[in-house]
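Below is one structure, written out as structure tokens; comments come after it.
Sequence lines set the chain letters: A, B, ... in the order given, protein chains first and strands last, and positions in each chain run from 1.
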Amino acid sequence: MNLTHDFSPTPEVDLASGKYVKIWHGPQHPGITGNMSLELTLCGDEIVNCKTHVGYLHRGFEKLMERRTYIQNFPLVCRIAVPEPTFNEYLYSAGIEDLAGIEVPELAKWLRCLNLELMRLGSFLMWLGGASGAFGMSTVYQWTVTHRDYILDLFEEMTGARIYHMYISPGGVRAPLPDGFKDRCLMVMKKVEKLLYEVETTVLNNAVFKKRAIGLGVISSDMVDAYGVTGPNQRAAGYARDTRKDSPYLVYEQLDFDVITATGSDAFDRTIVRYQEMHQCVSLIRQMLDRMPTDGAFHTPTPNVLHWKIPAGETYVKAECTRGEYGYYIETDGSEYVRRVHIRGPSYTHAIAVMEKLVIGANIADVAGLMVSLHTYPPEIER
Amino acid sequence: MDIWISKIGYYFLNVGIVLVYGLLLGAFIAKTMARVQGRIGIPIYQPFIDILKTFTKRQAISHGIMFNLGPAFRLAGGLGTLAFIPVIYGNEMFSNFSAAGDLLLVMYFIFFGQLGMALGSGESGHPYAAMGIGRGLAQMTAYEVPFTLAVVAIFIQYDTSSITEIVAAQQGSIWNWTLFTNPLAVIAAMIAFLGMAAYPPFDVAMAPNEIPIGPPTEFHSHFLSMMQMNRAIFAGAKLILFMNLFFGGATGLIELVFKTWAIYMVAILVGAAFPRFRTEQAVRFFLGVPMLIGIASVLYIQYWAQ
Amino acid sequence: MTDKNDYPTLANADLIDAERSLFCDARPVPYEPYPVDFVEKFANWVRANSLWVLAFGTGCGAIELNPLMTSRFDANRYGIQMRPTPRQSCVIVVAGYSSVKTLKRIIRSYEQMQGPKFVLGLGICSLNGGMYWDSYNTIKRIDQYIPIDLYVTGCMPRPEALLAGFIELKDKIKAGQCDGTNRYVKDFDWYKANQKKVIKNWDMPDYNW
Amino acid sequence: MIEALKQRLSEHFQLTNLTIKNAGLAFLWVEKHELEMLLRQLRDFEGYTHLSFIIASDHIEKNQFKLTYMLHNYDTKHDLGVHVDISRVNASMHSIHPLWAQAWTYQRELKEMYGIDFPESPRVDEDFCLEGWDDMPPMRRDFDTVKYCEEHFDDRDGRATEENRQTMKVNIYPERGE
């Protein structure tokens, strides 16, 4: 695998010749995911060079966390990836528990897992809307974003907040499930499943969508390791790798699911993989609601958070988020403050190195579709 | 002389009616689209407010003389198209300047507005505007082919190029409509109409997720309000033209409203359910089956029907 | 109309010579309301009922703009719609914190919008820095850099709060209290000084027409 | 498994330390000049084909940066963190961009956030997150972000900013404070 990134700006690009035009695709652009930009050099409709620019959302989280106590970091972490805050909460808590040697009660594990899967489903629904919107289907965008709202309602009931839940705290979770949550959750799952079948008819079986998405942005199989591609992007290239299966965390060992793969590795296959993973999410949520213990402790008491000192050490915890491997590297030095936290977001390589490689030679019309098919969230790149 | 003054007066009356009707239709269509998406959608009077708002903006940056003229050309294209289309058949008030050969003029005016727009947004200097023009004109030349073939078939069928006479020939019974006497031409023309209406899958020119939003990117304030007005008039004129050519025209206002609405719904329902073609895919699409249908309609009318 | 000579030209001192000729150097000019009171009131009513929002997700608040525009909350009912180009929009929503890099783009987009234009500050972090008060890369008060008409506070504000904010903004516009465009022109030098203090590499003209 | 790996690696490299965190995670230390060869060995012969991230952490008390290269082996499901200590003065490190195609992005970030130079790494001098930054690299521990904020951004009148811990002790948990 000697596949290195091509850094050289294409030599024949002479902007003064009038043959090329340079445009900024974003940050103020509806076809870009979040707040980032692509600096594209075009020859006609074809892209000859691309540079990604990130950092529009840089808040310096890693710096801020070094000067806050462990518990003060807890409301901070969920702001890192806006559409998917719970993965941050879980991984930060898991890392702290690993370093401090805290054991999490059984019920908390189930609740965490349920929370993560609901988040995954909500995030995928948002993505599905974005993906069809990028190809010009605003109808499906409206449907899916609305159905995501039903899931946000469940979150509101479960955690008290729509977007930033602050539910999975170090030591367990903040609250048990409210009464009757199971029924309402199953009702929403039914709705979502119905929507998914409608989406299948309107998007996945749509001739125009197929015409545009098939063959767009192929990630070749040797690119996967060379570029650190993870998650559905990797599974669409035929690799059956899923952190939930490979190194199971929480209660995934007890749940019944398969790793979904495809072979085409283009925008269409990535859509298919994510579509099937949404069905998988629904199935996992149903399984969890059935098998979940109904009572028990949901939180282990932690030391007094005001002077909670964690012994020196380092750890790396990771989970499979919607986009791939999401990881927290935490280093402690025995004081009340964390020494170093690093958040490894899958978008880091997907949106920069992979995007710059795939977009060369693509049509300007396909940039939005290609970008969305990689499923990137800028806030986790720049943190 | 008097007849010309009254004709001009009637023409402006027509423009007013079609403008109001076009705006209402636009709002109605937006509401239909919203219903498909599960929303309530805009109030029915929203397009009027939007036009007034863009008109009452206080700042307006100009990029040059052609930039100023672009929306004017566009509006002229819309007004010119309407000028030669009889809105309601058999009514002196609504017949406009319809005369022999007006169909050719109308087809020219459909093109004229786009070209004027191209000049204007070319000077705005925005790369997306230039790209949008390229895309729009490419797609337009493509959908003009099946449309022109359908119109040629109609020329042959009715042996005239006057819209009034074409409508006259379709009167009497529903079976006299071109829809039934020459269905191939209608199919070709309706596919071309999808491209003309610029809803998905043929909205490459404006494509909000790709080149937001194409030619009008830099237009604002009263330039934009002129373009909004033109969009309403042009949509109305096109619908009336299609109704006249293929669906037997209208003899009263209610018939007009119903028929144009039904024709527009075709574009809307297709638009609500499809993603967008790329430019070259759209061009290839129009030059494929629709063009063959168009040719078939000409051959059919020339050799079989008579 | 005000005489143009009252407003000397801008220096554009940070541009290189070759680029200076490409940009306009005229100072922005304040506008006068319509002479007839009735017309002005009507114009304000019209403006309030047709709010076109610039589709620019400047921060995490943008996540709640999606539900706002879709079926659940459907802001279209109130004449609010997204517009992808700054030229045609009249409201910019500063969605939460703005990093220095984004602030530059916000200013550019804001100046390209045509007046009367309104700014909605969303989230506590646009108001006073919020939880990023000690971050080296986020500004604390957006109203030092562009004139704000209304804040919707919270982290994260719910779509209902946002909708209520828009309706409040409508009332303010109808009452003729949203004169941000003129305030910006009047205190132009103060705003520019603040902006240039934060944005280190100012490689754009002083006013982006 | 990891012991066997250590055996194999020790034949060619001077591994200074190895900590086994749990069954799926281990960290090892290596000298600066041996890093590139070690990573190549791990990638090509030991199956650690996936580079998760490259980061630095600032150990100002030892006057060192600790670089961490986190690798993953998909076959054994094992994570291996490779640590390298480099001097904090004129910090510079060999670039590994020929090994992994996304490595240059991390190196660009490290250059901006810590001031660690990676000669030959492409586009390493371009801005990554910050734009026109002219202060000390912000992630260094001696960079005081509060001071920087006070100098550059103005507080809104009436906002009282207190040190986090103090606030929590006094206002939020008065009964639990010391």
#### Entry: R72(C) portion near chain B, given a 4.5 angstrom heavy-atom threshold
neither
### Query
Under a 4.5 Å heavy-atom cut-off, does chain C meet the side chain of Q46(B), its backbone, both or neither?
side chain
### Query
Side-chain contact, heavy-atom cut-off 4.5 Å: Q37(B) with T70(C)?
no
#### Entry: S221(B) portion near chain C, given a 4.5 angstrom heavy-atom threshold
side chain
#### Entry: Pairwise distance CG(L51(C)) to NZ(K53(B)) - rounded to 0.5 angstrom
7.5 Å
### Message
For the interface with chain C, which of P43(B), G41(B), A34(B) has the highest count of heavy-atom pairs at distances below 4.5 Å?
### Response
G41(B)
### Task
With rounding to the nearest 0.5 Å, note down the distance linking CZ in R87(C) to CD1 in I213(B).
12.5 Å
### Message
Report which part of L224(B) has an atom under 4.5 Å of a heavy atom belonging to chain C: side chain, backbone, both, or neither.
### Response
side chain
### Task
Taking atom CZ of F55(B) as the centre, report whether more than 12 heavy atoms of other residues, nucleotides or ligands fall under 6.0 Å from it.
no
### Side-chain touch T85(C)/H126(B), heavy atoms, less than 4.5 angstrom
no
### Query
Atom NZ of K57(B) and atom NZ of K117(C): how far apart are they, to the nearest 0.5 Å?
8.5 Å
### Exceeds 12 heavy-atom contacts within 6.0 angstrom, atom NZ of K41(C)
no
### Query
Is it the side chain or the backbone of M82(C) that comes within 4.5 Å of chain B heavy atoms, both, or neither?
neither
### Query
How long is the gap from CD1 on I40(B) to CG on D74(C), to the nearest 0.5 Å?
6.0 Å
### Task
Give the minimum heavy-atom separation between G38(B) and S71(C), together with the two atoms involved.
O-CB, 3.2 Å
### Summary
Output for pair (R39(B) CZ, M69(C) CE), nearest 0.5 Å, gives 7.5 Å
### Query
T181(C) versus chain B, heavy atoms under 4.5 Å apart: side chain, backbone, both or neither?
side chain
### Query
Should we count NZ of K186(C) as having more than 12 external heavy atoms under 6.0 Å?
no
### Query
Should F42(C) and T56(B) count as side-chain neighbours, where that means a heavy-atom distance under 4.5 Å?
no
### Task
Kindly indicate whether the side chain of Q81(C), heavy atoms from C-beta on, has any atom under 4.5 Å from the side chain of I42(B).
no
### Task
Count the heavy atoms belonging to other residues, nucleotides or ligands that lie under 6.0 Å from CZ of F112(B), then report whether that count exceeds 12.
yes
### Task
Drop me the distance from Q112(C)'s CD to H220(B)'s NE2, to the nearest 0.5 angstrom.
10.5 Å
### Task
Answer with side chain, backbone, both or neither: which region of P86(C) has an atom nearer than 4.5 Å to a non-hydrogen atom of chain B?
neither
